[in-house]
Amino acid sequence: MAEQAVTAQSEDFSRWYNEIVYRADLAAPSPVRGCVIIKPYGYEIWEGIKAGLDRRFRATGHQNAYFPLFIPESYIKREAEHVEGFSPELAVVTHAGGKKLEEPLVVRPTSETVIGEAFSDWIQSYRDLPLLINQWANVVRWELRTRPFLRTAEFLWQEGHTAHATAAEAEAETRQMLDIYADFAMDDAAIPVIKGEKSRLERFAGALRTYTIEAMMRDKRALQSATSHNLGQNFAKAFAIDYLSENNVQAYCWTTSWGMSTRMVGAVVMAHGDDKGLRLPPKLAPYQVVIVPIVRRDTQRSAVMDTVERLRATLMAADIRVHVDRRDGQSPGFKFNDWEMRGVPVRMEIGPKDVENGNAVLARRDVPGRAGKQFVSQASITDVVRDLLADIQRSLLDDARAFRDSHIVDVADYAQLCDAVAAGEWARAAWAGSDIDEQRVKDETGATIRCFPFDQPERVGKCIATGESADKVALFAKAY
RNA sequence: CGGGGCGUGGCGCAGUCCGGUAGCGCGCGCGGUUUGGGUCCGCGAGGUCCUCGGUUCAAAUCCGGGCGCCCCGACCA
């Protein structure tokens, strides 16, 4: 019997997600609770994300470095809110080398503390500023409930850490990095994100302000896809990151931190995937084109494979990532379904008829069935494929944007917000409430303030919690 | 940590109530057949039935202890 199709998204989105992650070969279960093995196909998506971000970081003057995995426990305790925020989820090493350690070592949940300590040594003068550092690393947070990519006990990310002479510069850096994340999300991952500021309740432990990009998944839940924190002088004071100014005055630095993680792989899966599986944006797809050779009789094999090989070389020479499915035991129909599940943007079929006619069949993943198929001349293959990939990249973004926009509603009072959230929509509402009001919304509806969007309406109206006139709208949604 | 469920070849499960020495589907290997939307047939490999103890002539099955995992909540990139 043929392999079963995946669970439909509409039937059980979580189950769909889990099945896709394993069946598309992105990840495998690990022996340790809450951790996953990232398999080559999933890791290549992550490497695409890394490449897209790293390029942008360098272009804005950041340098990569690497700090230790272990952090002295006392460091974590130096910044009050930071301890409170992270203590419950720390993994701590108490023994090493067969002995109990004098001071336990925390496995980093994030590196503000160690990096702050290092910055304190590195920065003496205003001439040392700004200091713009990024690191690619793994971090550990002992989460109670985990899901592959979205929330794992250990995850990969980049964390940027910068120090500046003035508050204004730190704020500009924080905003610049958020813009970079948003640009990456839209351009490379084809995910339209909403930029905004976090509420006090959702803010990073120890930050002055936290900015976020929020994305809508296909089940309409929100996913915080990256954050950028203006840390003010909190960490500078806790770690003595100070400098001597031009005027010979000792002053504390203003610092920032910002990160995007392997969660983004989950975002790509959930923002674009459909009932047939993944739909990868061409810019992040490990394979942009997969060639499925079709051979009816052995006598045709060499002619077909010669053509396949020639087309593969042509596309590769044009920097298109192409893979030939040479598997012997599977029928073409099986392979079509398999590559659709794995989200390859373009499938090329080459059979005896195509060899004879000098044609190739191209099928685009984002348009199902016959409508997505076209016959093209082998002679023009490079241009056609290049245009097709660009078009798929664009259409995935357009689809996701249309989907998102059709599920955000403006609400005028609390009852409307409850209705909207109950229907799974995102709700935009005037907000001037307190932390307690915000907590109440969360307790009663399950939705949280995802952000106060930068993009604000002309007129705001009355707060849905207090009835007083508000100066901004907040975006409410259920989140991962 | 509260509520629910489950541990049996790589994966998904049946067998447990009523004890008799393990079976099905997928996957895997070999041979043949097929190939433009999930081919078909045959042969074959693969299991300390989570663990420790007890009852019994005999335990996947009954009894007791332990461990682990999953789902739903609270916490979270």
Side-chain angles (χ1 to χ4, degrees), chain A residues 1-7 12 14-15 18-19 22-23 28-34 84-90 109-110 137-147 149-159 181 198 201-205 210 212-215 222-229 257-267 276-277 292-298 300-301 304 325 327-341 347-357 359-363 368-370 372-373 375 439 442-443 446 448 479-480:
Chain A
M1 202 178 85
E3 202 175 343
Q4 291 297 304
V6 292
T7 301
D12 185 341
S14 288
R15 201 164 151 197
N18 280 321
E19 287 179 11
Y22 294 123
R23 288 176 55 177
S30 91
V32 179
R33 190 203 74 94
E84 202 186 320
F86 283 106
S87 289
E89 53 192 48
L90 295 179
T110 180
N138 57 338
V139 290
V140 168
R141 300 181 187 177
W142 218 254
E143 303 290 353
L144 299 176
R145 270 193 73 196
T146 59
R147 317 187 61 187
F149 296 113
L150 299 181
R151 183 170 301 108
T152 44
E154 177 190 12
F155 58 95
L156 306 182
W157 76 346
Q158 58 66 219
E159 47 179 326
Y181 289 139
K198 282 292 184 190
L201 281 186
E202 302 279 326
R203 196 179 282 160
F204 177 73
T210 288
T212 177
I213 51 172
E214 297 287 325
L223 187 74
Q224 176 176 308
S225 305
T227 46
S228 183
H229 315 291
S257 68
W258 26 275
M260 181 180 273
S261 73
T262 34
R263 165 178 270 198
M264 196 65 192
V265 177
K276 285 171 165 262
V292 178
I294 291 153
V295 181
R296 278 185 182 281
R297 286 182 291 278
D298 267 351
Q300 300 167 326
R301 184 170 301 272
V304 168
D325 188 345
R327 287 178 292 179
D328 221 12
Q330 271 81 15
S331 66
F334 177 90
K335 291 178 179 178
F336 296 169
N337 284 284
D338 194 41
W339 290 111
E340 276 164 7
M341 187 174 61
R347 179 183 75 240
M348 184 187 298
E349 302 167 23
I350 298 292
K353 282 184 250 171
D354 306 300
V355 172
E356 203 174 309
N357 304 332
N359 285 338
V361 178
L362 296 181
R370 297 205 71 81
K373 276 200 183 189
F375 295 79
Q439 187 62 44
K442 184 177 180 181
D443 293 342
T448 49
Y480 277 100

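Both backbone and side-chain heavy atoms feed into the values below; hydrogens, waters and symmetry mates do not. To find a chain, count down the sequence lines: A is the first, B the second, and so on, and within it residues start at 1. Treat the numbers as computed from the prediction; the structure is a model and nothing was measured.
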Taking the side chain of F155(A) as its heavy atoms from C-beta onward, which of A77(B), U35(B), G36(B) lies nearest to it?
A77(B)
Pick the P atom in A59(B) and in G19(B), then give their distance to the nearest Å.
13 Å
Please give, in whole Å, the distance from G37(B) P to I294(A) CD1?
8 Å
Students often get this wrong, so: under 4.0 angstrom with heavy atoms, is V361(A) touching a base, only sugar-phosphate, or nothing?
base
Donor/acceptor link under 3.5 angstrom from D354(A) side chain onto base of G36(B)
yes
Gap in Å between the two C1' atoms, one belonging to C63(B) and one to A45(B), rounded
37 Å
Any base atoms under 4.0 Å from Q224(A), or only sugar-phosphate, or nothing? Heavy atoms, all strands.
sugar-phosphate
Assigned partner base of U56(B), Watson-Crick or wobble definition, under 3.5 Å
none
By nearest atom, which of the nucleotides G37(B), G36(B), A77(B) is closest to the N337(A) side chain?
G37(B)
In whole angstroms, the gap separating P of C70(B) from CG of N18(A) amounts to 10 Å
Using atom C1' of each nucleotide, how far apart are G27(B) and G10(B) to the nearest Å?
7 Å
Does D325(A) reach the main-chain N or O of R327(A) with its side chain, forming a donor-acceptor pair under 3.5 Å?
yes
Spacing of R301(A) atom CZ relative to U34(B) atom P, expressed in whole Å
13 Å
Could you tell me how far apart E19(A) (CD) and C11(B) (C1') are, to the nearest whole angstrom?
12 Å
Distance check needed: G36(B) C1' versus E349(A) CD, whole Å only.
6 Å
How is T146(A) classified with respect to the nucleic acid when contacts are heavy atoms under 4.0 Å: base, sugar-phosphate, or nothing?
nothing
Is the base of G37(B) stacked against the aromatic ring of F334(A), taking ring centres under 5.5 Å apart and planes under 30° as the test?
no
side-chain contact (heavy atoms from CB on, under 4.5 Å) between S261(A) and Q158(A), intermediate numbers included
CA-CA 6 Å; S261(A) 73; Q158(A) 58 66 219; over 6 Å; no
Is the backbone of S228(A) close enough, under 3.5 Å, to the side chain of Y181(A) for a donor and an acceptor to pair up by distance?
no
The side chain of E143(A) is closest to which nucleotide in this list: G37(B), U35(B), C75(B)?
C75(B)
Send over the distance from R347(A) CZ to G38(B) C1', rounded to a whole Å.
12 Å
Looking at every strand, decide which applies to G351(A) at a 4.0 Å heavy-atom threshold: base, sugar-phosphate, or nothing.
base
Between G36(B) and A77(B) - C1' atom distance, rounded Å
45 Å
Quick one: the side chain of E340(A) and the base of G38(B), do they pair up donor-acceptor inside 3.5 Å?
no
Rounded distance in Å between the P positions of U21(B) and A60(B):
10 Å
Pick the C1' atom in G7(B) and in G12(B), then give their distance to the nearest Å.
14 Å
How close do M260(A) and S225(A) get, heavy atom to heavy atom, and via which atoms?
CG-O, 3.6 Å
Of the options C75(B), G37(B), U35(B), whose atoms approach the side-chain atoms of K442(A) most closely?
C75(B)
Complementary nucleotide of U34(B), counting Watson-Crick and G-U pairs under 3.5 Å
none
Tell me which of F149(A) and K276(A) sits closer to the 5' end of RNA chain B, going by the nucleotide each one is nearest to.
K276(A)
What does S261(A) touch in the nucleic acid at a heavy-atom separation under 4.0 angstrom: a base, only the sugar-phosphate, or nothing?
base
Is it true that the side chains of T152(A) and E154(A) contain a donor and an acceptor less than 3.5 Å apart?
no
Provide the distance between the two P atoms, one in A22(B) and one in G47(B), to the nearest whole Å.
13 Å
Comparing V295(A) with L150(A), nearest RNA chain B nucleotide closer to 5' gives the residue V295(A)
Looking only at the side chains, is there a donor atom on one of S257(A) and H229(A) sitting less than 3.5 Å from an acceptor on the other?
no
Gap in Å between the two C1' atoms, one belonging to G23(B) and one to C49(B), rounded:
12 Å
Mark yes or no for a side-chain to base donor-acceptor pair under 3.5 Å between R370(A) and G37(B), with no hydrogen or angle criteria applied.
no
For K335(A) and U39(B), what is the distance between atoms NZ and C1' respectively, to the nearest whole Å?
13 Å
Report the distance from atom CD of Q158(A) to atom P of A77(B), rounded to the nearest whole Å.
15 Å
Check: A153(A) main-chain N/O paired with R141(A) side-chain donor or acceptor under 3.5 Å
no
Identified pairing partner of G2(B), criterion: Watson-Crick or G-U wobble below 3.5 Å:
C72(B)
